[in-house]
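Notes to accompany the following structure.
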2 protein chains.
Amino acid sequence: MLTALGDPTRQAILESLSDGPLAVGELAADLSSSRTISRPAVSQHLKVLKEAGLVIDEQIGTRRLYRVDPEALRLVREHLDHFWERSLSSFQRRVASDTTEKRPRDE
Amino acid sequence: MLTALGDPTRQAILESLSDGPLAVGELAADLSSSRTISRPAVSQHLKVLKEAGLVIDEQIGTRRLYRVDPEALRLVREHLDHFWERSLSSFQRRVASDTTEKRPRDE
DNA sequence: ACTTACGGTAAGTTAGCACTTACGGTAAGT
DNA sequence: ACTTACCGTAAGTGCTAACTTACCGTAAGT
């Protein structure tokens, strides 16, 4: 899931979609304001994002609306939280042992 | 920064480092328990992670200890939070307008 | 000074990925 | 039925990023 978030274009796609659902063509037009990206390319990125569970699609007539799945973002956030807390606690343990080693009876 | 997190090997490196600081050789040995990764490859990944600000290094004798920067993880988390909140609010707005459209005078 | 340990880096190779073009398929409008 | 709009996908290409091998520098121990 983090791997799917690695590509800058896909990050831009999610950024656009986070403002609200968009069809594929609209997305391509929206992204072309900054980068130059073809519609098929957008389609392929959406496929990756969908398989990663970051995006949900819904067919409406000939159009196909894509929206971000808030639940997926919550999962990524939780995952990073684990990282963060573990590294933070190990960091604090290190600092604590440092001070006790250097100042055994400080207070 | 998210782009640097995209590579699976770098994710594994951060996972190992989140348990505590490690030297390059130790990291390579630790990762070889699951994947097969050479020491130079680890070095190159650490360079990317360092340039992305996700990792901090410290020279101790001939060894070089790497640790994750908790502050960087906090930044990534905040970035995702923005995404999450925006997509969530747009989602809620959509739900709200749907219900008001379908049940204009409900409740 | 010699050796050993440790790790960064240059050079070269390869696999994969992002992209374009071209095509086909479906839904709605006339 | 024909046309138009919209989109997914197959096929092919180019580039880049991840990897290995080889080499060099530095720090500490003898």
Side-chain angles (χ1 to χ4, degrees), chain A residues 1-17 19-69 76, chain B residues 1-17 19-69 72 76 94:
Chain A
M1 220 160 62
L2 271 178
T3 308
L5 274 173
D7 184 73
T9 303
R10 284 196 286 270
Q11 295 170 18
I13 289 180
L14 282 183
E15 195 130 8
S16 284
L17 285 185
D19 287 329
L22 284 179
V24 180
E26 297 169 351
L27 247 179
D30 194 44
L31 295 179
S32 289
S33 61
S34 46
R35 316 151 182 271
T36 304
I37 185 80
S38 72
R39 186 194 52 75
V42 174
S43 242
Q44 291 163 2
H45 281 300
L46 285 172
K47 183 180 184 181
V48 175
L49 290 173
K50 182 183 174 183
E51 285 172 349
L54 290 166
V55 147
I56 297 180
D57 61 332
E58 173 190 5
Q59 181 120 20
I60 296 185
T62 79
R63 313 201 323 157
R64 182 171 285 266
L65 283 189
Y66 282 86
R67 74 187 76 249
V68 302
D69 186 355
V76 177
Chain B
M1 218 159 64
L2 271 179
T3 308
L5 274 174
D7 184 73
T9 303
R10 283 197 285 271
Q11 296 172 17
I13 288 180
L14 282 183
E15 194 130 8
S16 283
L17 285 185
D19 287 329
L22 283 178
V24 179
E26 296 169 350
L27 247 179
D30 195 43
L31 295 179
S32 290
S33 60
S34 47
R35 316 150 182 274
T36 305
I37 185 78
S38 71
R39 185 194 52 75
V42 174
S43 242
Q44 290 164 3
H45 280 300
L46 285 171
K47 185 180 183 180
V48 175
L49 290 172
K50 182 182 175 183
E51 285 172 350
L54 289 167
V55 146
I56 299 179
D57 61 332
E58 173 191 3
Q59 180 121 19
I60 298 187
T62 76
R63 312 201 324 157
R64 183 171 285 266
L65 283 189
Y66 282 87
R67 71 186 79 248
V68 302
D69 187 354
V76 177
R94 199 184 66 86

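What you see below is based on every heavy atom in this structure, not just the backbone, and it leaves out hydrogens, waters and symmetry mates. A note on names: the letters A, B, ... follow the listed sequences, proteins ahead of strands, and every chain is numbered from 1.
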Rounded distance in Å - [atom1] ([X]) to [atom2] ([N]):
X: K47(B); N: dA17(D); atom1: NZ; atom2: C1'; value: 13 Å
X: L5(B); N: dA18(D); atom1: CG; atom2: C1'; value: 17 Å
X: L27(A); N: dC7(D); atom1: CG; atom2: P; value: 9 Å
X: L46(B); N: dC19(D); atom1: CG; atom2: P; value: 12 Å
X: I13(A); N: dC7(D); atom1: CD1; atom2: P; value: 13 Å
X: L49(B); N: dA18(D); atom1: CG; atom2: P; value: 10 Å
X: K50(A); N: dC7(D); atom1: NZ; atom2: P; value: 14 Å
X: R63(B); N: dG29(D); atom1: CZ; atom2: C1'; value: 16 Å

### Query
If pairs are Watson-Crick or G-U with both distances under 3.5 Å, what is the dot-bracket string of DNA chain D, marking crossing pairs with [ ] and pairs to another strand with |?
||||||||||||||||||||||||||||||
### Query
Would L65(A) and R63(A) satisfy side-chain contact (heavy atoms from CB on, under 4.5 Å), going step by step from the backbone distance to the final call?
CA-CA 6 Å; L65(A) 283 189; R63(A) 313 201 323 157; 3.9 Å; yes
Heavy-atom closest pair, residues [X] and [Y]:
X: S33(B); Y: D30(B); result: OG-O, 2.6 Å
X: S16(B); Y: L31(B); result: OG-CD2, 3.6 Å
X: E26(A); Y: L22(A); result: OE1-CD2, 3.3 Å

### Message
Between L17(B) and L49(B), is there a side-chain heavy-atom distance shorter than 4.5 Å?
### Response
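The answer is no, as the side chains (C-beta and beyond) never meet within the 4.5 Å cut-off.
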### Query
To the nearest 0.5 Å, what is the distance between CZ (R39(B)) and OG (S32(B))?
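Output value for this atom pair is 12.0 Å.
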### Task
Would you please test L46(B) and D57(B) for side-chain contact (heavy atoms from CB on, under 4.5 Å) and show each step?
CA-CA 9 Å; L46(B) 285 171; D57(B) 61 332; over 6 Å; no
Side-chain donor-acceptor pairs of residues 5-13 of chain B under 3.5 Å, sequence neighbours excluded:
residue: D7(B); atom: OD2; partner: T9(B); partner atom: N; Å: 3.0
residue: D7(B); atom: OD2; partner: R10(B); partner atom: N; Å: 3.2
residue: R10(B); atom: NE; partner: A4(B); partner atom: O; Å: 2.7
residue: R10(B); atom: NH1; partner: H45(B); partner atom: ND1; Å: 3.1
residue: Q11(B); atom: NE2; partner: T3(A); partner atom: OG1; Å: 3.3
residue: Q11(B); atom: NE2; partner: L5(B); partner atom: O; Å: 2.9
residue: Q11(B); atom: NE2; partner: G6(B); partner atom: O; Å: 3.4

### Query
With no hydrogens and no angle check, is any side-chain donor or acceptor of E51(B) less than 3.5 Å from a backbone partner on G53(B)?
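No; judged by distance alone, with no hydrogens or angles, the pair does not exist.
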### Query
Counting only side-chain N and O atoms of Y66(A), is one of them less than 4.0 Å from OP1 or OP2 of dC6(D)?
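It does not, given that no N or O in the side chain of Y66(A) lies less than 4.0 Å from OP1 or OP2 of dC6(D).
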### Query
Going 5' to 3' along nucleotides 13-26 of chain C, which nucleotides have protein heavy atoms under 4.0 Å from the base (write B), which only from the sugar-phosphate (write S), and which from neither (write -)?
-----SBBBB----
